[in-house]
Amino acid sequence: MQTDRKAQELWSHRSVFILALMGSSVGLGNIWKFPYLTSEQGGGTFVLLYLACVLLVGVPMMKAEVLLGRHTRSNPVQAMRLLSQEAGVSERWRILGWLAVLTGVLIFSFYAVVAAWIFYYVFSLSAGLLADAGWEQSNNFFSRMLADPDTLLTSHTLFMLVVLLILGAGVRRGLDRAIRYLMPLMLLLVLILLVYAYQSGYFWQAYQQLFQFRPERIDGAMVLAALGHAFFTLSLGTGAVMTYGAYLSRKESIGQTVACVGVLDTLLALLIGMVIFPVLLAAQMPSTSGPELLFISLPVAFGQLHAGQVLCVMFFLLVGVAAVTSAISLMEPFTALLEQQWGLRRVVAAVISVATAWCMSLAVLFSFGHLAGVTWYGMNLFELLNFVTTYFLLPLVSLAIMVFTGWILSRRITQSELTQSVPGYYLWRLCLRYLVPLAIGLIFVTNLYNVSF
């Protein structure tokens with residue numbers, strides 16, 4: 001039960017597919033959270049534990065989504081409908097595809113706001129507005145920006161136009177070409193910043209902080225932290241991996257390709273950590289995570305280095321590239337759905353999808369300004385969407401996809417797509433049926449417990 005695609009709608013090469021999945025995975029979490037988690041949770045011990053979680057939980061989940069997409073050559077909604085027919089079960093499973101697409105759009109609507117902040121900082125830093133700023137001045141600058149979202153409209157719209165141009169050009173001329181340029185640019189920026197971090201005088205101190213083995217720190221909290229980040233960093237549950245899998249040639253091995261993504265994603269996150277920590281240590285600033293690290297601490301820390309303003313602009317360009325590659329993966333399932341479900345031209349489907357997300361994102365942008373008084377349970381729209389997607393939609397959609405793939409989909413379909421050794425196939429199936437649902441359940445329950453109590 002497959003639909004044919006034109007040759008130009010497939011990835012040009014296996015390496016581009018790997019870079020595309022890396023671009024989808026290497027988002028803000030890998031930049032402003034993973035290095036901090038590694039430092040706080042046990043250094044090299046946490047890294048090994050995290051890698052184990054990626055290989056035992058993240059990679060099996062990613063393989064499942066890729067095989068669903070490649071087998072059907074369709075967007076998540078049509079993929080779930082076709083697979084339901086083939087498995088002889090209710091077509092209501094297509095609702096799962098709709099939920100995956102919706103989750104991606106909702107995440108994009110607040111992710112685009114953060115991207116607008118990043119683009120605004122690129123312009124501001126290039127103009128020298130934060131030159132020689134101290135922590136208080138940097139904090140005030142960020143606070144003023146949030147309180148005046150009108151100033152962000154230009155950077156917000158520019159980000160949306162970049163996403164629209166890439167999506168509207170199609171798979172081969174848009175996504176494929178953008179990935180082939182943006183990901184090497186990201187890697188080049190990381191390498192340049194690494195050289196400067198090495199010259200800061202604190203490189204080896206940062207290395208010990210990130211990689212020193214501290215096995216005595218292993219406990220339940222570390223396991224849950226590694227498990228949670230392994231789950232949330234790989235763009236699972238949004239339909240992005242499934243849609244990208246639809247563009248993968250049948251000549252390529254899903255297992256080897258996805259394993260490469262898991263390892264390379266972790267390596268890139270650690271390299272970014274080796275950029276951030278020497279800079280913070282050189283400026284004698286405490287390590288933090290989240291927006292405080294990115295928008296307040298790092299501009300101050302970079303400003304104290306030789307050629308610090310240039311380095312800071314380069315760093316925010318790196319973050320901006322990561323935001324774009326993640327954003328196009330979030331919006332591709334919706335664009336592909338409009339294109340395939342209603343037979344729209346690619347450019348029309350891209351305009352509709354981005355325009356819809358732009359309108360939603362504007363409401364999120366103004367939730368820090370004109371709509372700041374509109375709250376739900378003490379959360380503005382930005383915080384509410386983050387909460388709903390992170391704590392409910394992502395784990396529940398991912399769990400349902402894994403149950404469908406592991407328990408409902410026939411072994412004939414999964415084996416034909418994975419084409420790996422029998423022991424490897426049964427290990428994957430065992431992880432998907434038992435280990436992955438248990439892991440997602442732990443993440444779901446733990447997150448709710450931490451919020452409720």
Side-chain angles (χ1 to χ4, degrees), residues 23-24 26-33 104-127 129-130 138-168 178 182 185-186 189 238 289-299 312-332 334 350-351 353-372 374 379-387 389-390:
S24 177
V26 181
L28 294 173
N30 273 12
I31 294 172
W32 72 24
K33 186 176 182 181
V105 174
L106 291 178
I107 292 175
F108 178 85
S109 67
F110 66 83
Y111 200 90
V113 173
V114 181
W117 301 346
I118 294 166
F119 277 39
Y120 182 78
Y121 263 66
V122 171
F123 302 142
S124 300
L125 290 164
S126 301
L129 296 184
L130 279 170
S138 183
N139 182 54
N140 290 338
F141 183 86
F142 182 59
S143 299
R144 286 197 302 272
M145 180 194 72
L146 291 183
D148 186 19
D150 293 335
T151 62
L152 293 169
L153 282 177
T154 300
S155 56
H156 181 262
T157 304
L158 177 61
F159 173 75
M160 289 290 185
L161 286 175
V162 170
V163 174
L164 175 60
L165 286 173
I166 295 172
L167 292 177
L182 290 177
L185 174 61
M186 181 192 297
L189 289 171
T238 64
S289 63
E292 181 182 344
L293 169 68
L294 186 59
F295 297 103
I296 300 175
S297 297
L298 282 176
C312 198
V313 171
M314 291 177 64
F315 183 81
F316 272 88
L317 281 174
L318 161 67
V319 181
V321 171
V324 170
T325 56
S326 295
I328 58 177
S329 71
L330 289 170
M331 291 305 297
E332 175 59 20
F334 187 27
V351 168
S353 65
V354 175
T356 302
W358 183 70
C359 293
M360 295 174 59
S361 189
L362 272 184
V364 179
L365 180 68
F366 286 114
S367 68
F368 291 97
H370 307 299
L371 302 178
V374 181
M379 296 180 286
N380 64 14
L381 186 56
F382 182 98
E383 295 163 335
L384 179 68
L385 289 176
N386 187 20
F387 175 80
T389 54
T390 301

Item to check | Under the side-chain hydrogen bond (donor to acceptor under 3.5 Å, both in side chains) test, residues paired with S329 that sit two or more places apart | outcome: S24
Checklist entry - Does L28 have any side chain to side chain contact (heavy atoms under 4.5 Å, CB included) partners at least two apart in sequence or in another chain, and if so, which? => result W32, Y111, V114, I118, L294, V319
Checklist entry - If we only count heavy atoms from C-beta on, is the F315 to L189 side-chain gap below 4.5 Å? => result no
Item to check | Residue pair I31 / L293: nearest heavy atoms and the distance that separates them | outcome: O-CD2, 4.2 Å
Item to check | Under the side chain to side chain contact (heavy atoms under 4.5 Å, CB included) test, residues paired with A115 that sit two or more places apart | outcome: F159, A323
Next on the checklist: Under the rule for ring pair (Phe, Tyr, Trp, His ring centres under 6.0 Å), what residues qualify as partners of Y120, not counting sequence neighbours?
Outcome noted: none
Next on the checklist: Counting C-beta onward and ignoring hydrogens, is there a side-chain heavy-atom pair between L164 and M331 closer than 4.5 Å?
Outcome noted: no
Checklist outcome for this item: Closest non-hydrogen contact found for M160 with V354 is O-CG1, 3.8 Å
Next on the checklist: T389 and side-chain contact (heavy atoms from CB on, under 4.5 Å): which single residue from V105, L384, I107, T238 fits?
Outcome noted: I107
Item to check | Any donor-acceptor pair under 3.5 Å from T157 side chain to T154 backbone | outcome: no
Next on the checklist: Looking at every non-hydrogen atom in both residues, tell me the closest pair between V113 and L365 and how far apart they are.
Outcome noted: CG2-N, 3.7 Å
Item to check | Side chains of T325 and M186 in contact at under 4.5 Å (non-hydrogen atoms) | outcome: yes
Next on the checklist: Holding to side-chain hydrogen bond (donor to acceptor under 3.5 Å, both in side chains), I want the full list of residues that pass it with S361, two or more places apart in sequence or in another chain.
Outcome noted: H156
Would you give me the side-chain donor-acceptor pairs under 3.5 Å for residues 138-146, sequence neighbours excluded?
residue: S138; atom: OG; partner: I296; partner atom: O; Å: 2.9
residue: N140; atom: ND2; partner: E136; partner atom: O; Å: 3.3
residue: S143; atom: OG; partner: N139; partner atom: O; Å: 2.9

Item to check | For N386, side chain to side chain contact (heavy atoms under 4.5 Å, CB included) partners two or more places apart | outcome: F110, T390
Checklist outcome for this item: Hits for side chain to side chain contact (heavy atoms under 4.5 Å, CB included) against A178, two or more places apart or cross-chain, chain-then-number order -> I166, L182
Checklist entry - Measuring from L298:CG to L130:CG, what's the distance to the nearest 0.5 Å? => result 12.0 Å
Next on the checklist: Quick check: closest heavy atoms across L152 and A116, and the distance to 0.1 Å?
Outcome noted: CD2-O, 4.0 Å
Item to check | Heavy-atom side-chain contact between L362 and L153 under 4.5 Å | outcome: yes
Checklist entry - side-chain hydrogen bond (donor to acceptor under 3.5 Å, both in side chains) with S109: which residues, sequence neighbours excluded? => result none
Item to check | Distance (rounded to the nearest 0.5 Å) between S155 OG and F119 CZ | outcome: 8.0 Å
Next on the checklist: Tell me every residue that passes side-chain hydrogen bond (donor to acceptor under 3.5 Å, both in side chains) with T151, counting only those two or more places apart in sequence or in another chain.
Outcome noted: none
Item to check | With F387 via ring pair (Phe, Tyr, Trp, His ring centres under 6.0 Å) - residues at least two apart | outcome: Y391, F392
Checklist entry - What's the shortest heavy-atom distance between Y121 and F295, and which atoms? => result OH-O, 3.0 Å
